[in-house]
Amino acid sequence: MRDVAIVAFAQTDHRRRTDELSEVEMLMPVLHQVLDATGLKASSIGFTCSGSTDYLAGRAFSFTMALDGVGAHPPISESHVEMDGAWALYEAWVKIRTGAADTALVYAYGKSSPGEVRDVLTRQLDPYYVAPLWPDSVALAALQAQALIDKGVTGEPELAGIAARSRTAATANPHAQLTGTVPAGDYLVQPLRTGDCPPIGDGAAAVILAAGDTARALCSRPAWIRGIDHRIEAHSLGVRDLTDSPSARLAAERAGAFERPVDTAELHAPFTSQEVVLRRALGLGDDVVVNPSGGALAANPVMATGLIRLGEAAARIHRGESDRALAHATSGPCLQQNLVAVLEGESAHV
Amino acid sequence: MPEVLSAPLVVEFPFTRSLGPVQSAFLTGLRERTVLGVRTGRGKVLVPPVEYDPVTAEEIGELVEVAATGTVTTWAWNPEPRRDQPLGTPFAWVLVRLDGADTALLHVLDAPGPEAVRTGMRVRIRWAPERTGAITDIACFEPYDGVSGTGRPTPHSGEFADPVTGIVAPARLDYTYFPGRAQSAYLEALAGQRVVGERCPACRKVYVPPRGACPTCGVATDERVEVGPRGTVTTFCIVNIKAKNAAIDVPYVYAHVALDGADLALHARIGGIPYDQVRMGLRVEPVWTPGSRHPDHYRPTGEPDADYDAYKELL
């Protein structure tokens with residue numbers, strides 16, 4: 001089957017609020033950026049796929065409004081996932097691999113500002129036993145963090161160190177929302193302090209995928225997707241070992257991440273404690289550059305954050321700063337679902 | 001820059017869900033102060049119980065009763081309870097492995113402060129005074145230093161009088177809706193009884209109401225264009241069934257109206273003419289009621305009907 005590469009990536013400047021913009025108004029500039037970067041027209045894209053959720057907008061079929069931004073009339077080949085855009089990218093990758101398209105436009109957006117994202121995310125939980133208790137996203141992450149601390153795997157100072165490293169790295173990322181020296185803050189839900197949690201904000205991202213020689217024609221150094229896989233664990237938190245992520249490990253194995261070392265890892269870890277879980281599950285050594293973009297702790301436009309990890313990893317390959325990068329996206333509470341992709345620049349094979 | 005419009009938006013729905021045999025037994029059991037688990041083919045007792053083994057996907061249904069006491073496997077202190085959470089005072093989220101179970105249940109623990117909570121601590125269920133067959137029949141857990149049972153699950157038929165077969169899970173989320181640049185401009189113009197669309201810089205079509213992007217060209221629509229107030233009925237239907245909460249008498253006509261200067265038809269109600277005399281091509285104008293942001297309906301202008309060729313592209 002044909003090789004597929006990420007050939008362009010763009011993201012908004014992520015901000016706490018974008019009250020003056022509708023979703024499509026927020027999204028359009030990044031769509032135009034990736035199209036301009038490749039010289040493609042929206043009408044010449046073979047497949048378009050997006051990721052977002054109605055629950056952030058509070059409106060049914062909210063993604064259909066965003067479709068105006070890609071010129072969906074006359075009809076285009078299009079699909080949507082009620083998930084992070086990383087899963088939309090997976091669908092587009094399948095479409096290209098199977099020969100149904102040569103190019104794909106993948107985009108994702110999330111405006112958290114109109115509602116309370118901590119409450120909104122409770123609606124993805126088991127509706128019989130869990131959702132009626134309204135455990136918010138920070139609370140569930142805090143349970144995972146305490147399990148790690150109890151196990152002696154990490155401690156609050158180490159978690160604060162992850163937060164500091166991420167936001168220091170983000171000072172080099174003009175799109176990041178929270179950068180530089182950020183105080184650890186008070187406990188939001190103990191043991192997680194405000195500094196251990198991601199900023200709440202609005203943002204969007206887009207990438208273009210292309211096959212084989214089309215990718216080479218569109219990008220001087222395409223980021224080839226050598227493998228990509230996603231796995232899910234049982235939905236009941238009480239049956240999982242929250243200190244481990246077997247689904248991330250299996251996805252990485254199936255994506256070929258363990259065949260050779262990676263030099264860069266973009267991990268979708270909105271909470272500091274989740275980086276600890278992922279580093280262990282993925283066997284990342286200290287020589288791997290983790291989240292040079294600042295990661296989700298610097299900007300967390302829900303539903304776009306995972307796609308941004310793929311985009312950031314690809315952009316480092318485009319710029320020649322990485323030869324082999326791991327990109328990870330997650331969905332659900334406490335890293336329930338995990339997607340891992342391995343990206344390479346062509347020179348890595350010479 | 002114009003004022004950013006906003007409005008409260010509340011999404012509220014009582015989700016009605018049916019229960020399978022295992023969930024029905026578990027939630028009915030809670031109503032009767034009995035905690036049931038399910039035993040898997042591997043001999044593990046899952047509490048809360050599920051109908052399929054999460055490891056093997058095997059269908060399971062062998063119910064057992066476990067104790068109302070247990071051990072905290074992990075916890076998190078919540079200093080600021082949020083709306084709809086089980087306790088209104090600061091509490092701990094806990095995963096509790098009940099005596100006799102091999103897995104943990106998520107719930108909350110009533111404790112005076114985080115210093116009173118630790119992994120491994122012993123807790124017991126505090127039952128809600130009124131129980132309906134829901135996870136909230138467990139009001140919370142509370143610290144417990146009494147003697148625990150054998151910890152051995154005992155077989156249970158899962159049969160109760162008047163079993164609970166469904167739950168109603170009310171959900172409410174509060175938003176502040178911001179319509180964005182293009183729709184805000186449209187709404188502001190409506191306040192002055194004007195209808196404003198936006199023109200696409202590429203294909204020159206005028207969209208109304210504007211959403212900020214041309215769905216054909218995928219570019220921002222930026223040039224404001226006042227359209228109407230008169231327009232042409234492009235198509236219509238006769239509504240014969242009264243909608244709940246609708247104050248309009250049936251039958252009435254619901255139509256698409258292409259306002260003069262617009263390249264997209266709006267939908268609107270047609271009044272001021274018997275319903276069976278409305279026709280394609282009818283020329284209409286808006287009727288505003290005081291204080292309303294939208295025309296109440298459109299009525300005939302008395303002009304001759306528009307030629308079909310004049311609006312056929314807008315159907």
Side-chain angles (χ1 to χ4, degrees), chain A residues 18-26 28 31-32 42-43 55 57-59 65 67-74 113-116 118-120 123 127-136 139-147 150 186-192 233-239 242, chain B residues 1 4 6 9 11 15 17 19 23 26-27 46-48 50 54-55 73-80 82-86 93-95 97 103-108 114 119 134-136 167 169 171 173-184 211-220:
Chain A
T18 52
D19 295 346
E20 72 286 6
L21 298 176
S22 66
E23 281 91 345
V24 69
E25 288 166 351
M26 180 176 75
M28 251 185 312
L31 295 173
H32 295 161
S43 55
Y55 279 80
R59 295 194 314 282
M65 298 293 187
L67 269 179
D68 286 351
V70 293
H73 181 83
S113 58
E116 289 285 338
R118 286 172 70 182
D119 297 335
V120 165
R123 300 300 92 193
Y128 300 96
Y129 299 159
V130 181
L133 306 174
W134 293 81
D136 61 277
L140 296 174
L143 286 168
Q144 187 172 33
Q146 185 62 42
D150 286 337
D186 294 330
Y187 287 120
L188 209 49
V189 180
Q190 189 177 335
L192 293 179
E233 292 173 40
H235 72 259
S236 179
L237 291 169
V239 306
L242 296 180
Chain B
M1 176 160 160
V4 174
S6 70
L9 171 67
V11 178
F15 288 94
R17 298 182 180 277
L19 303 171
Q23 289 175 315
F26 175 69
L27 293 178
L46 308 181
V47 178
V50 291
V55 175
T73 64
T74 186
W75 62 283
W77 185 257
N78 185 21
E80 288 183 50
R82 301 172 75 77
R83 189 184 72 194
D84 299 322
Q85 290 180 346
W93 290 104
V94 282
L95 279 168
R97 190 171 56 234
T103 63
L105 170 83
L106 178 77
H107 219 289
V108 305
T119 296
I135 192 65
T136 45
I167 60 168
L173 293 169
D174 286 67
Y175 301 89
T176 304
Y177 180 65
F178 295 93
R181 179 195 58 78
Q183 293 189 80
S184 290
R211 298 206 298 244
C214 172
T216 301
C217 306
V219 298

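When reading the values below, keep in mind they use all heavy atoms of this one structure, side chains included, and skip hydrogens, waters and symmetry mates. Letters A, B, ... mirror the listed sequences (proteins, then strands); counts begin at 1.
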Looking only at B:V11, B:L27, B:T119, the option with the highest number of non-hydrogen pairs under 4.5 Å against chain A is B:T119
Cut-off 4.5 Å, heavy atoms of chain B, and the answer for A:L192 is neither
Answer key: most heavy-atom pairs under 4.5 Å with chain A among B:P79, B:S184, B:S6 is B:P79
side-chain contact (heavy atoms from CB on, under 4.5 Å) between A:E20 and B:V4, intermediate numbers included:
CA-CA 6 Å; A:E20 72 286 6; B:V4 174; 4.1 Å; yes
CG (B:L105) and CG (A:L237) are apart, to the nearest 0.5 Å, by 10.5 Å
In short, A:P132 meets A:Y129 closest at the heavy-atom pair CD-C, 4.2 Å
Turns out that what part of B:T216 lies under 4.5 Å from chain A's heavy atoms comes down to both
*Could you walk me through whether B:V108 and A:L133 pass side-chain contact (heavy atoms from CB on, under 4.5 Å), step by step?*
CA-CA 8 Å; B:V108 305; A:L133 306 174; 5.7 Å; no
In this structure, OG1 of B:T136 is separated from CH2 of A:W134 (nearest 0.5 Å) by 13.0 Å
In terms of heavy-atom pairs under 4.5 Å with chain A, the winner among B:Y175, B:W75, B:F15 is B:Y175
Honestly, the part of A:L140 sitting under 4.5 Å from a heavy atom of chain B is side chain
Max heavy-atom pairs within cutoff under 4.5 Å with chain B, candidates A:P135, A:P74, A:S22, A:A57, goes to A:P135
When the 4.5 angstrom heavy-atom criterion is applied to A:E25 and chain B, the contacting part is side chain
> Do other residues, nucleotides or ligands put more than 12 heavy atoms under 6.0 Å from the CZ atom of B:R97?
Replying inline: no
Nearest heavy-atom contact between A:Q190 and B:P114 is OE1-CB, 3.4 Å
Applying a strict 4.5 Å limit to non-hydrogen atoms, the region of A:D150 in contact with chain B is side chain
When the 4.5 angstrom heavy-atom criterion is applied to B:V219 and chain A, the contacting part is both
Turns out that what part of B:P48 lies under 4.5 Å from chain A's heavy atoms comes down to both
Ranked by heavy-atom pairs below 4.5 Å to chain A, first place among B:R83, B:E80, B:R211 goes to B:R211
Heavy-atom nearest pair, B:R17 first then A:P127, reads NE-CB, 3.2 Å
Whether the side chain of B:H107 engages the backbone of B:I135 through a donor-acceptor N/O pair (distance < 3.5 Å, no angle test) should be reported.
yes
The interface call for B:D174 against chain A, heavy-atom contacts under 4.5 Å, is backbone
Would you say B:T103's side chain and B:V47's backbone share a donor-acceptor pair under 3.5 angstrom?
yes
Per-residue tally against chain B (heavy atom, under 4.5 Å) across A:G58, A:A142, A:A131 peaks at A:G58
Turns out that what part of B:L106 lies under 4.5 Å from chain A's heavy atoms comes down to both
In this structure, CG of A:D68 is separated from NE2 of A:H73 (nearest 0.5 Å) by 11.5 Å
Scored by heavy-atom pairs under 4.5 Å with chain B, the best of A:D19, A:V239, A:L21 is A:D19
So, the part of A:D136 with a heavy atom under 4.5 Å from chain B: the answer is both
field: Donor-acceptor contact below 3.5 Å, side chain B:Q85 vs main chain B:R82
entry: yes
Honestly, the part of A:A42 sitting under 4.5 Å from a heavy atom of chain B is neither
- Query: How about A:Y128 and B:F26: are their ring centroids closer than 6.0 Å?
  - Reply: no
Ranked by heavy-atom pairs below 4.5 Å to chain A, first place among B:D84, B:N78, B:L95 goes to B:D84
Most heavy-atom pairs under 4.5 Å with chain B, out of A:M26, A:E23, A:H235, A:R59, belong to A:R59
Comparing B:A134, B:P179, B:A76 against chain A, the one with the most heavy-atom pairs below 4.5 Å turns out to be B:A76
